[in-house]
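A quick write-up on the structure given underneath.
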2 protein chains.
Amino acid sequence: MRLSELSRRSGVSVTTIKYYLREGLLPPGRQLSATQAEYDDDHLRRLRLIRALTGVRGLSVSTTRDLLGALEEHTGDIHLLLGLSLGSIGPAASAGPAGEPADAASEGSAERAEVDKLVDELGWVVHKGAPARTTLAETLASLRSLGAPLDRRALLPYARLAERTAALDLDQLEGLDDSSEVMERALVLTVLLEPALLALRRLAQENESARRHADG
Amino acid sequence: MRLSELSRRSGVSVTTIKYYLREGLLPPGRQLSATQAEYDDDHLRRLRLIRALTGVRGLSVSTTRDLLGALEEHTGDIHLLLGLSLGSIGPAASAGPAGEPADAASEGSAERAEVDKLVDELGWVVHKGAPARTTLAETLASLRSLGAPLDRRALLPYARLAERTAALDLDQLEGLDDSSEVMERALVLTVLLEPALLALRRLAQENESARRHADG
DNA sequence: CCATGTTAGACAGTAGAGGTATCCAATGAC
DNA sequence: GTCATTGGATACCTCTACTGTCTAACATGG
């Protein structure tokens, strides 16, 4: 199909698609001549994936590019994809010592040790450099500085529930043969399911709050 | 304390604090004269909370303002806070019929019904207009259009785990007396724990993936 | 062969978010 | 009296995610 047809079928404007091509989110089409290119259903799928990641999940264009790049790069190696590539997709990766405030509860290196100890205690096999470890440590440091500290003991039951959630996630990948299909599904489930899980948690919170106050 | 001291103690620049005051994220200090104002520890706490919400969690300034506003408004009514105010803090609230693409898997009104049915099946007591219902429905619609549909049956075990997560969350609020303290703690735990829970899930995914591939 | 439509590529422009910088007159501390 | 600080106002800046316009080269239907 032509670029204009790709645009019509995806609901994404031609200029925006050109922008994604420029930014390397979408691979170029098969060039038929200097002024003609053909796109296939893979492009349409990819485009829908891009819109879901940026729109529904709210990822930035550059994060989306990195994610899609990791998808191509580690084809067949679902470990690297789950553990490293999808490891941290928060707002900021906070690289380097940026000189935090003097008084603000000493940068969470203590939390990093706590996280490593937790992972150890759980018996999890997780790469030492997994970015999610850092994300977790940062969040704990932040919670502590706000006066709501969570130690290993408090975190452990959450971790056990995360374990079971992850098992459900991996179950969803069963029965898929094609490797690239598995990889894409893994990305979709890991990243796009996040808003759904958070929404479920909020609904459950409201319910639980209602149940506990029912005695009043 | 003075504005400059508040700045020094929080690590946030004076201009940025002024910006937050302008935007209504931080309440004004006690005005001593036309050119003198005093801030207390509440301001410092609030400021740290703002930085945590925008920095760690990545919320926008306007979302943060809404959240903090809800905190003041519903003091004492933890229901409204959990169910309605914190209901949807995703990237976009998608208000109104914005004319989605022609071909893109018919806007998820079917998903909305599915969500309502799920909540019903679970026996959850949740406000009909809870924004998290919409968030959930949108995510499901998006997953379906990407060829990875999750129906009620697949979602149910996730919901049961969310239930237990919410119970842990509410446990954290036990033993707190002061109402405004409970409210702030609820907000912090609901919103700031999110990155931590997602990080735990990703670590657990890597572990589970390693476990399942251990036979190879 | 010509009118019309489409393409890649280049580049400028835009709107919103999240600050940052500067100036101001008033005022408090020393 | 001098100097730092304040609230208030306004201008400016950087980044992100697009959007618009232009050009020269084709393609396609009549």
Between dG20(D), dG7(D), dA27(D), which nucleotide gets closest to the side-chain atoms of Gln31(B)? dG7(D)
Given dT7(C), dG20(D), dG9(C), the nucleotide with the shortest approach to the side chain of Thr15(A): dG20(D)
Nearest-angstrom distance from the residue atom CZ of Arg30(B) to P of dG7(D): 13 Å
Provide, to the nearest angstrom, the distance between the CG atom belonging to Leu32(B) and the P atom belonging to dA26(C). 19 Å
Among dA27(D), dA17(D), dT19(D), which nucleotide sits nearest the side chain of Thr16(A)? dT19(D)
N/O (side chain, Tyr39(A)) to phosphate O (OP1/OP2, dA8(C)) under 4.0 Å: yes
Upstream residue (5' side of DNA chain C) when Thr35(A) and Ser13(B) are each assigned their closest nucleotide: Thr35(A)
Rounded distance in Å - CD (Glu23(B)) to C1' (dG18(C)): 9 Å
How many Å lie between CG on Leu47(A) and P on dA17(D), as a whole number? 16 Å
Answer yes when Asp42(A) and Arg46(A) have at least one side-chain N-carboxylate O distance shorter than 4.0 Å, and no when they do not. no
Is any side-chain N or O of Tyr20(B) closer than 4.0 Å to OP1 or OP2 of dG18(C)? no
Nearest-neighbour nucleotide for the Val61(B) side chain, dG19(C), dA17(D), dT28(D) considered: dG19(C)
Indicate, with a heavy-atom threshold strictly under 4.0 Å, whether Thr54(A) touches base, sugar-phosphate, or nothing. nothing
Glu206(B)/Arg133(A) salt bridge by N-O under 4.0 Å criterion: no
Would you mind reading off the distance between Leu6(A) atom CG and dT6(C) atom P, rounded to a whole angstrom? 14 Å
5' precedence on DNA chain C between Lys18(B) and Glu5(A) (nearest-nucleotide basis): Glu5(A)
Rounded interatomic separation in angstrom, taking CZ from Arg2(B) and P from dA26(C): 20 Å
Rounded distance (Å) that lies between atom P of dA8(C) and atom CD of Gln36(A): 8 Å
When you check the gap from the basic side-chain N to the acidic O, do Asp41(B) and Arg9(B) get nearer than 4.0 Å? yes
Residue pair Arg22(A)/Ser33(A) against DNA chain D: nearer the 5' end by closest nucleotide is Arg22(A)
dG19(C), dC18(D), dT6(C): which one has an atom nearest the side-chain heavy atoms of Tyr19(A)? dC18(D)
Is there a side-chain contact between Tyr158(A) and Leu197(B), using heavy atoms and a 4.5 Å cut-off? yes
Can you tell me which nucleotide in dT20(C), dT6(D), dC26(D) comes closest to the side chain of Leu3(B)? dT6(D)
Identify which nucleotide among dT7(C), dT20(C), dC18(D) has an atom closest to any side-chain atom of Arg51(A), counting heavy atoms from C-beta outward. dC18(D)
Whole angstrom value for the distance that separates C1' of dT5(D) from CD1 of Ile17(B): 14 Å
Going by ring pair (Phe, Tyr, Trp, His ring centres under 6.0 Å), name the pairs with one or both residues in residues 57-83 of chain A, residues two or more places apart or in two chains. His79(A)-His213(B)
Got a donor-acceptor contact below 3.5 angstrom from the Asp169(B) side chain to the Gln172(B) backbone? no
If you look at every strand shown and take non-hydrogen atoms under 4.0 Å, does Ser4(A) touch a base, only sugar-phosphate, or nothing? sugar-phosphate
